[in-house]
Amino acid sequence: MSGEEPAQDAGRGLPDTRWQRTLEVLSVIGPPLTVATALLVYFGWARSDAQAKSMGLDVSLFGYSVQDFILRSIQSLFRPLAWLALIGLAWLMADRALNKVIAGGRYPRTVRHGAMVMAAAGYLFAAAMWIVTVSQPDRTLLYVPYLIAGGLLIGNWGVALRRRTVQRTGRSPVLTPRGLERAFMFVLVTLLLFWGTADYAQALGRGAAVDYQERSALLPTAVVYSKERLAVSAPNVLESAAGTTDAPLYRYSGLRLLVVSGGRIFLLNDGWTLKDGRVVVLPDNGSVRVEYGNPASGNPAPG
């Protein structure tokens, strides 16, 4: 009996241990997922906010959900992430090649001098781009935060290569708090990438508003039927009677569907422009009936 009890106790403790390990894994994975979701929502909001402001609206009118913002952030992040992945891969290949040269003791002076030039050029370039940004605070200089981050990384890479070369040649390297240095560099580069991606997302939003102006004819057509007169004053919108005296019905053509969101239908008038266009907002609660059509078919003539 005494020999069986420890085995039973061990068996009982095994599930608890598994649960503890599972909770530990979730505690490690949870915060990064939360941060990533928050970033996706922010970049989606930045894109939508810039688009709404360019159209003379406020993003809160659309009533976008968290999922909507995440979906709208994909376009904002795809290109920057793709470029970062390609540049990171190229950097890894170059760093490995230089490590082989340093480990083999070949061209020590050339590598050391080249690393010093790289460090100086990277830091000077980052400083110049920062001065350009500070001197024009009212302008959005697209990609400049990425350039600053790139300059800092190149400068830091040059310093790291020089340290490796000095260590390989047997010289005493200058003692520096490398852990703290790397932490500061990581935080600074992360903030710059965040800044650059936010600017890129806002530029995409403004571009989407301009795209609506140039390609509004490609949006789905919309014909609105309402029992009450809506008095839509947007340009190129035609109002006609489609009912009888006892059962009045008003028909509005010359509209294009922008989006249906937040319990509202957002429509643009034909020939919509950023300067003179109007955004017609209708409740999506059954009080009006909307017929959508193929953009190529155009709006049918009022009956």
Side-chain angles (χ1 to χ4, degrees), residues 35-91 122 125-154 187-219 256-262 266-268 271-279:
V35 172
T37 302
L39 290 176
L40 288 173
V41 172
Y42 174 76
F43 292 133
W45 173 87
R47 181 184 185 277
S48 302
D49 182 63
Q51 176 184 332
K53 287 181 178 178
S54 297
M55 301 176 71
L57 302 173
D58 189 272
V59 68
S60 61
L61 293 174
F62 293 95
Y64 290 136
S65 63
V66 171
Q67 183 178 0
D68 293 329
F69 284 130
I70 291 176
L71 292 175
R72 288 174 174 269
S73 70
I74 294 176
Q75 187 178 5
S76 305
L77 293 176
F78 179 75
R79 289 187 179 180
L81 290 179
W83 277 108
L84 286 175
L86 290 174
I87 293 173
L89 181 60
W91 171 78
F125 179 77
M129 291 295 99
W130 177 257
I131 292 174
V132 170
T133 303
V134 173
S135 62
Q136 304 179 55
D138 297 331
R139 292 185 58 190
T140 299
L141 302 175
L142 202 59
Y143 304 121
V144 169
Y146 291 136
L147 296 177
I148 297 174
L152 291 175
L153 290 175
I154 291 175
V187 171
L188 184 56
V189 170
T190 301
L191 290 175
L192 288 168
L193 293 178
F194 180 88
W195 177 12
T197 305
D199 286 349
Y200 180 71
Q202 292 173 355
L204 285 180
R206 291 188 292 269
V210 175
D211 191 60
Y212 285 135
Q213 175 178 262
E214 297 177 350
R215 302 183 181 181
S216 61
L218 299 180
L219 296 174
R256 301 278 175 169
L257 174 65
L258 176 62
V259 69
V260 179
S261 178
F266 296 83
L267 305 169
L268 302 180
W272 184 88
T273 62
L274 291 172
K275 181 180 179 181
D276 301 321
R278 297 289 186 273
V279 179

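Residues satisfying the side chain to side chain contact (heavy atoms under 4.5 Å, CB included) test with Phe125, not counting sequence neighbours, are Met129, Leu147. Evaluation of the salt bridge (Lys or Arg N to Asp or Glu O under 4.0 Å) rule for Asp49 yields Lys53 as partners, not counting sequence neighbours. Judged as a side chain to side chain contact (heavy atoms under 4.5 Å, CB included), and not counting sequence neighbours, the contacts of Arg278 are Ala234, Pro235, Asn269. Considering only residues two or more places apart in sequence or on other chains, Trp130 meets the side chain to side chain contact (heavy atoms under 4.5 Å, CB included) condition with Val134, Ile148, Trp195. In this view, Arg215 and Asp211 satisfy the salt bridge (Lys or Arg N to Asp or Glu O under 4.0 Å) rule, not counting sequence neighbours. Residues that satisfy the side chain to side chain contact (heavy atoms under 4.5 Å, CB included) test with Val260, not counting sequence neighbours, are Leu257, Ile265, Asp284, Tyr292.
Minimum heavy-atom separation, Leu142 to Ala203: CD1-CB, 4.0 Å.
Considering CZ of Phe266 and CG of Leu268, their distance stands at 10.5 Å, rounded to 0.5 Å. Here the straight-line distance linking atom CD of Gln213 with atom CH2 of Trp272 works out to 6.5 Å at 0.5 Å rounding. With rounding to the nearest 0.5 Å, the separation of OG in Ser216 from CG in Leu219 is 6.5 Å. Residue Ser48 holds its OG atom at 11.0 Å from CD of Gln202, rounded to the nearest 0.5 Å. The CG atom of Leu57 sits 9.0 Å away from atom CD of Gln51, with the distance rounded to the nearest 0.5 Å. Here CG of Leu81 is found 10.5 Å from OG of Ser76. Values are rounded to the nearest 0.5 Å.
Put simply, the side chain of Leu192 reaches to within 4.5 Å of the side chain of Leu152, judged on heavy atoms. Looking only at side-chain heavy atoms (C-beta outward), Leu153 and Val189 come within less than 4.5 Å of each other. Using a 4.5 Å heavy-atom threshold, the side chains of Arg139 and Thr133 count as separate. You'll find the side chain of Tyr200 stays beyond 4.5 Å of the side chain of Phe43, heavy atoms only. Within the 4.5 Å cutoff, the side chain of Asp199 has heavy atoms near those of the Pro145 side chain.
Both cation-pi conditions hold for Arg72 and Tyr64: the charged atom is under 6.0 angstrom from the six-membered ring centre and inside a 45 degree cone around its axis.
The six-membered or imidazole ring of Phe69 lies away from that of Phe62, with a centre-to-centre distance of 6.0 Å or more.
A donor-acceptor contact shorter than 3.5 Å links the side chain of Thr273 to the backbone of Asp276. Within the 3.5 Å criterion, the main-chain N or O of Leu40 finds a donor-acceptor partner in the side chain of Ser73.
Side-chain contact, Thr197 with Tyr146: a donor N or O sits under 3.5 Å from an acceptor N or O.
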